[in-house]
Amino acid sequence: MELITGILTTAFLAGGVLALAALGEVLAERVGVFNLGVEGLMALGGVTGIIAVTLYPNPFFGFAMALLVGLGFGALFALATVVFRANQVLCGLALTMLGSGLAVTIGKSYSGMPAKATFEKIIVPYLSDLPILGRAFFSQNILVYLIYLIIPAIISFVLFRTRHGMNVRAVGENPAAADSAGIPVTLIRFCYVTIGAALGAGAGAYLTLAFVPSWSDGVVAGRGWIAVALVIFAGYRPFGAVFGALLFGVITAIGYVGQARNWPISPTFLSMLPYLGTMLAMILPVFLWRRLRLGFTAPAGLGVPFFRDER
């Protein structure tokens, strides 16, 4: 019982990093823009969070600064891919290299330094007394509650329960038809790509202010790429991304527990479990979604640039 509770506690904490980044990528891909710069955005957000709390020791300030940095770099990425129609894959890779390199450069003096302020646990009365799940989930920091419950609920409601959400999905599916109906395709794409980038940077701040919590070169460790894979696994749906992130959190937690308890398994193998899971996450949708006829396919306009004069 204690073992399961411990694994789930770590899983919720570790999965929150992936969930927030994946939710940001869901927003971008739902409007037809493929952002491969999540890894760089997370690195920038992580180092920004550490620097911010060093200047002003408040984790909310650090997280807010990371969101602002994500908005700035997201706007640059959106300008290149949405307005100027640059190749989305190349721009995403450039953003990853730029963000990762810049984070390493400006974070050298902060490497290995513990965060001056971190998100503390908030124990929910009564619910935290529930066996297993209560102790594992309802004794986490506030970001965990936001990431697993509030943010995906808001995104899901907006996308699938509002007229605006219908317009957003139309932009991702058929931008030419959406434009003919009077929907501002370029504006919607620009805004959602920028907001998605901000969530990616926020995931980096979550990593260094709640999960690790410190900054070092390579602390992101490929989580941005896993988040991109999670969107495919989730069928481009917010709660699916959160569920997939939790699964990866469980895999990560098992690796940590196995090393801590000296299981007779190679630590290298335990450390690579999340990346093996990523490979499965890329393969499973091809068989699972099609065989079950769930229709969880990528937006038809994903990766396709649009300008009104080319309708």
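Just the heavy atoms: all of them, side chains too, but no hydrogens, waters or symmetry mates, feed the values below.
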Remaining members of Met166's ILVMFWY cluster at a side-chain heavy-atom cut-off under 4.5 Å? none
Over all atoms of both residues, closest heavy-atom pair of Gly99 and Ala43: O-CB, 4.2 Å
Which donor-acceptor pairs under 3.5 Å do side chains of residues 137-149 form with protein atoms, sequence neighbours excluded?
| residue | atom | partner | partner atom | Å |
| --- | --- | --- | --- | --- |
| Gln140 | NE2 | Thr9 | O | 3.0 |
| Gln140 | NE2 | Ala136 | O | 2.8 |
| Asn141 | OD1 | Leu143 | N | 2.9 |
| Asn141 | OD1 | Val144 | N | 3.3 |
| Tyr145 | OH | Ile122 | O | 2.7 |
| Tyr145 | OH | Phe138 | O | 3.3 |
| Tyr145 | OH | Ser139 | N | 3.4 |
| Tyr145 | OH | Gln140 | N | 3.1 |
| Tyr145 | OH | Gln140 | O | 3.3 |
| Tyr148 | OH | Phe12 | O | 2.9 |
| Tyr148 | OH | Gly16 | N | 3.1 |

Member of Val47, Thr96, Val17, Thr208 meeting the side-chain contact (heavy atoms from CB on, under 4.5 Å) criterion with Met42: Val17
Distance col, row Leu55:CG vs Ile50:CD1, nearest 0.5 angstrom, shows 11.5 Å
If you look only at distance, which donor and acceptor atoms sit under 3.5 Å apart when one is on a side chain in residues 18-36 and the other is two or more places apart or in another chain?
| residue | atom | partner | partner atom | Å |
| --- | --- | --- | --- | --- |
| Glu25 | OE2 | Asn35 | N | 3.3 |
| Arg30 | NE | Tyr236 | O | 2.9 |
| Arg30 | NH2 | Tyr236 | O | 3.0 |
| Asn35 | OD1 | Gly37 | N | 2.8 |

For Leu127, does the CG atom have more than 12 heavy-atom neighbours from other residues, nucleotides or ligands under 6.0 Å away? yes
Pairs in or reaching into residues 211-225: which pass side chain to side chain donor-acceptor pair (under 3.5 Å), with residues at least two apart or in two chains? none
Ring pair (Phe, Tyr, Trp, His ring centres under 6.0 Å) partners of residues 187-207, not counting sequence neighbours, each pair once: His164-Tyr192
Could you give the distance from CZ (Phe157) to OG1 (Thr162), rounded to the nearest 0.5 Å? 6.5 Å
For Phe211, give me all partners under ring-ring contact (aromatic ring centres under 6.0 Å, His included), at least two apart in sequence or on another chain. none
d(Leu67 CG, Leu199 CG) to nearest 0.5 Å is 7.0 Å
Nearest heavy-atom approach of Ile188 to Ile183 is CD1-CG2, 3.5 Å
Other cluster members, Met65 - Ile/Leu/Val/Met/Phe/Trp/Tyr, side-chain contacts below 4.5 Å: Tyr56, Phe61, Leu68, Leu71
Working to the nearest 0.5 angstrom, can you tell me the gap between Leu93 CG and Asn87 CG? 8.5 Å
State yes or no: do Leu79 and Leu41 share one hydrophobic cluster built from I, L, V, M, F, W and Y residues joined by side-chain heavy-atom distances below 4.5 Å, directly or via other members? no
Side chains of Phe306 and Arg85: closer than 4.5 Å at any heavy-atom pair? no
Please say yes or no: joined through hydrophobic side-chain contacts below 4.5 Å, possibly via intermediate residues, are Val89 and Val193 part of one cluster? yes
Tell me every residue that passes side chain to side chain contact (heavy atoms under 4.5 Å, CB included) with Met97, counting only those two or more places apart in sequence or in another chain. none
Could you give the distance from CD1 (Ile51) to CD1 (Ile106), rounded to the nearest 0.5 Å? 4.5 Å
Under the rule for side chain to side chain contact (heavy atoms under 4.5 Å, CB included), what residues qualify as partners of Pro57, not counting sequence neighbours? Lys116, Ala117
Hey, could you give me the CG/CD distance between Leu44 and Glu39, rounded to the nearest 0.5 Å? 11.0 Å
With sequence neighbours excluded, residues passing side chain to side chain contact (heavy atoms under 4.5 Å, CB included) with Cys191: Leu187
Hydrophobic clusters here meaning ILVMFWY residues chained together by side-chain heavy-atom distances under 4.5 Å, can you tell me if Leu13 and Val212 are in one? yes
Examine Val168 and Phe160 and state if one hydrophobic cluster contains both, with Ile, Leu, Val, Met, Phe, Trp and Tyr joined whenever side-chain heavy atoms are less than 4.5 Å apart. yes
Please give me the minimum heavy-atom distance between Val124 and Ser128, naming the atom from each residue. O-OG, 2.8 Å
Take Val250 and Ile254 through the test side-chain contact (heavy atoms from CB on, under 4.5 Å) and record every step on the way to the result. CA-CA 6 Å; Val250 170; Ile254 290 174; 3.9 Å; yes
Partners of Glu173 by side chain to side chain contact (heavy atoms under 4.5 Å, CB included), sequence neighbours excluded? Pro299, Ala300
Please tell me whether Val83 and Leu90 are part of a single hydrophobic cluster in this structure, the criterion being side-chain heavy atoms less than 4.5 Å apart. no
Measure across Pro152 and Pro238 and return the closest heavy-atom pair with its distance rounded to 0.1 Å. O-CB, 3.9 Å
How close do Pro213 and Leu209 get, heavy atom to heavy atom, and via which atoms? CB-C, 3.9 Å
Just grab all the ring pair (Phe, Tyr, Trp, His ring centres under 6.0 Å) pairs involving residues 80-132, residues at least two apart or on different chains. Phe60-Phe119
Evaluate the side-chain contact (heavy atoms from CB on, under 4.5 Å) criterion for residues Phe73 and Leu98: first the C-alpha distance (whole Å), next the side-chain angles of each, then the deciding distance (0.1 Å), finally the verdict. CA-CA 10 Å; Phe73 279 88; Leu98 172 64; 4.0 Å; yes
May I ask you to decide if Asp129's main-chain N or O and Arg135's side chain share a donor-acceptor pair within less than 3.5 Å? no
Are the side chain of Ser111 and the backbone of Gly107 linked by a donor-acceptor contact shorter than 3.5 Å? no
Could you pull out the closest heavy-atom pair between Gly74 and Ala197, with the gap in Å? CA-CB, 3.4 Å
